[in-house]
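Contents: one structure, followed by commentary.
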Number of protein chains: 2
Amino acid sequence: MFNLVNMSSALAADADPGPSSAGASGSTRDRIRDAAVLRFARSGFGTSVRTIAADAGVSPALVIHHFGSKDALHAACDEHVLAGIVESKRQNMGRATGGQLLQVLAEVDEYAPLLGYVVRSLQAGGDVARAFVEHMIEDARGYTREAVAAGIAKPSVDEDARVRYLTLSSLGTLSLALTLNPPEDPEDVGATVRTFLAEHYLPMIELYAQGFLTSRRMLDDYLLYVSDPPTGGESDDAPAPETTNEEP
Amino acid sequence: MFNLVNMSSALAADADPGPSSAGASGSTRDRIRDAAVLRFARSGFGTSVRTIAADAGVSPALVIHHFGSKDALHAACDEHVLAGIVESKRQNMGRATGGQLLQVLAEVDEYAPLLGYVVRSLQAGGDVARAFVEHMIEDARGYTREAVAAGIAKPSVDEDARVRYLTLSSLGTLSLALTLNPPEDPEDVGATVRTFLAEHYLPMIELYAQGFLTSRRMLDDYLLYVSDPPTGGESDDAPAPETTNEEP
DNA sequence: CAGCAGGCTGAACACGTGTTTAATCTGGTG
DNA sequence: CACCAGATTAAACACGTGTTCAGCCTGCTG
């Protein structure tokens with residue numbers, strides 16, 4: 001749940017054309033890029049250059065002229081979306097640290113295009129997906145540390161692994177739910193996410209609040225089985241899942 | 001975790017050519033279908049008919065001759081995989097009810113192709129994905145009911161929503177993890193899943209065993225917020241006996 | 001044996017794709 | 001004005017795709 005809070009705050013930015021990014025060349029280039037982001041989010045990365053060009057009211061050749069290739073356009077969109085995420089993170093720093101998830105979600109409509117694009121990336125895999133997930137893990141690490149320190153969250157045997165799992169779980173669940181039940185109106189990602197939460201928020205928070213099993217036995221059995229909690233050395237099997245995270 | 005057990009048992013079948021399905025026409029048709037399943041699992045549903053034909057040692061025209069179109073071939077693969085899942089479910093009924101997840105996973109290699117195909121379907125969305133998830137939810141419902149009755153799992157405010165969430169969460173996490181970190185050898189799905197579990201089993205079971213939050217407050221707040229829990233049980237205050245886990 | 005249905009194929013077709021090319025238009029500068 | 005760099009485009013190119021077509025081969029039946 002902290003992960004969804006995190007995600008919400010991480011995306012609270014609109015995609016209005018601002019002279020922030022590097023190029024700042026012409027307005028047409030930005031218009032094409034914005035159309036591409038929107039179209040990619042709505043119809044996936046298989047969308048043809050011709051369709052994007054039509055959306056932007058421009059010839060296909062101009063798209064290539066400005067970006068060099070479709071892959072380069074895709075990369076430019078990735079960069080733009082990622083930059084928007086980072087920017088919005090700065091703006092919404094600390095807003096959602098508490099846990100008033102619903103209030104944050106009420107404003108979800110503002111950043112719908114970015115969210116749609118990210119979900120599409122999560123389904124397709126690739127650099128945005130990885131970078132986005134790493135960003136969220138990094139943030140969740142901070143939130144979780146604070147929550148543990150404040151006595152809100154329980155400590156974990158392996159804090160790092162837990163943060164990674166919780167983040168992956170939240171995003172994966174959302175992504176799968178959207179894949180299985182695609183919204184009739186891909187424009188309104190806000191409504192979609194709200195629908196998702198309406199169905200899954202209760203079981204999610206229940207699991208987080210009280211767990212699922214009645215005893216710690218399975219956990220302790222597993223801890224005994226691996227016999228080397230991450231605080232110590234390692235031994236036989238368990239192919240050493242090291243948690244490498246850098247890249248802020 | 002019960003979901004992963006469920007999934008494991010649900011897939012313990014190989015894709016050997018059996019005269020089970022309707023047609024039972026020629027062996028070549030089945031060979032093409034099997035090659036398609038394998039190739040779709042390995043490289044996604046965008047794979048060209050020519051590639052599949054080459055895999056099966058056959059001309060592209062023959063593929064169309066036998067299945068009519070690529071979409072029809074896709075549908076045939078879906079049906080075949082789904083049938084294999086149902087069949088294997090019958091065979092492995094009750095084997096994994098206990099929870100010896102690791103033993104089941106040791107045999108994961110047998111049903112690797114089916115698993116790969118299902119994961120690809122989960123990423124792409126579509127009928128197999130939906131049907132597969134619904135199957136797994138149905139099974140998980142049974143497992144969970146037994147677990148609750150046996151005192152292994154805690155009861156839920158909304159059993160149905162919990163089963164749906166837990167299943168979606170398990171599958172979504174696996175799917176996302178595989179998307180973000182695609183295996184270098186797509187053949188060996190078994191190794192991939194084992195790697196996934198090596199990294200995420202501990203935090204998953206820890207979450208299931210002890211939860212994440214220290215108090216029920218957020219849950220109770222939410223229950224108060226919606227003010228109509230589906231079971232019609234506790235409504236206003238008096239938030240059920242606290243369920244802090246103690247060692248048995 | 002003749003004949004024929006069906007598995008099977010190489011070559012082609014129609015089409016959509018990303019990209020290139022040559023040309024036009026436009027706006028600013030000497 | 002002449003000129004030029006850049007934005008912009010229509011048309012074409014090269015290619016990969018799913019699919020079709022006409023014919024070959026094979027094995028079975030009369």
Side-chain angles (χ1 to χ4, degrees), chain A residues 17 19 21-80 117 120-121 124-128, chain B residues 17-19 21-80 117 120-121 124 126-128:
Chain A
S21 284
S25 60
S27 140
T28 305
R29 200 189 124 106
D30 291 356
R31 217 174 64 237
I32 295 177
R33 172 179 36 63
D34 293 346
V37 168
L38 217 69
R39 204 71 227 192
F40 281 152
R42 198 179 315 172
S43 316
F45 296 109
T47 314
S48 73
V49 172
R50 281 170 173 82
T51 303
I52 295 170
D55 282 2
V58 130
S59 81
L62 191 61
V63 176
I64 299 298
H65 169 73
H66 275 303
F67 293 91
S69 73
K70 185 189 180 179
D71 284 348
L73 170 63
H74 188 162
C77 290
D78 284 2
E79 194 179 354
H80 178 67
Y117 189 94
R120 269 284 143 74
S121 297
D127 291 340
V128 235
Chain B
S21 284
S25 59
S27 138
T28 305
R29 201 190 124 105
D30 292 355
R31 216 176 62 240
I32 295 176
R33 171 178 36 63
D34 293 347
V37 168
L38 216 68
R39 204 74 224 191
F40 281 152
R42 198 178 315 171
S43 315
F45 296 108
T47 314
S48 73
V49 172
R50 283 170 172 82
T51 304
I52 295 171
D55 282 1
V58 131
S59 81
L62 191 61
V63 176
I64 300 298
H65 170 73
H66 275 303
F67 293 91
S69 75
K70 185 190 180 180
D71 283 347
L73 170 63
H74 188 161
C77 290
D78 283 1
E79 194 178 355
H80 179 67
Y117 190 94
R120 269 284 144 73
S121 296
D127 291 340
V128 235

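Lettering follows sequence order; numbering is per chain, from 1.
Listed here is the closest heavy atom pair of B:R33 and B:C77: O-SG, 3.9 Å.
For B:A61, the side chain to side chain contact (heavy atoms under 4.5 Å, CB included) test picks out B:S59, with sequence neighbours left out. Residues passing the ring pair (Phe, Tyr, Trp, His ring centres under 6.0 Å) test with A:F45 are A:F40, A:H74, A:Y117, sequence neighbours excluded. Scanning for side chain to side chain contact (heavy atoms under 4.5 Å, CB included) contacts around B:A76 gives B:F67, with sequence neighbours left out. Looking at residues two or more places apart in sequence or on another chain, you find a salt bridge (Lys or Arg N to Asp or Glu O under 4.0 Å) between B:R39 and B:D55. By the side chain to side chain donor-acceptor pair (under 3.5 Å) test, A:T47 is found to be paired with no residue, residues two or more places apart in sequence or in another chain being considered. The side chain to side chain donor-acceptor pair (under 3.5 Å) check on A:T51 picks up A:S48, with sequence neighbours excluded.
Residues in residues 57-77 of chain B take part in no salt bridge (Lys or Arg N to Asp or Glu O under 4.0 Å) pair, two or more places apart or across chains.
Atom CZ in A:F67 sits roughly 16 Å away from atom P in C:dT20 (whole-Å rounding).
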Reading nucleotides 8-20 of chain D from 5' to 3' and marking B where a protein heavy atom lies under 4.0 Å of the base, S where only the sugar-phosphate is that close, and - otherwise, the string is BBB-B----BBBB

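Bending across the helix from C:dC1-D:dG30 to C:dG30-D:dC1, expressed as the angle between its end axes from five pairs apiece, amounts to 30° (10° rounding).
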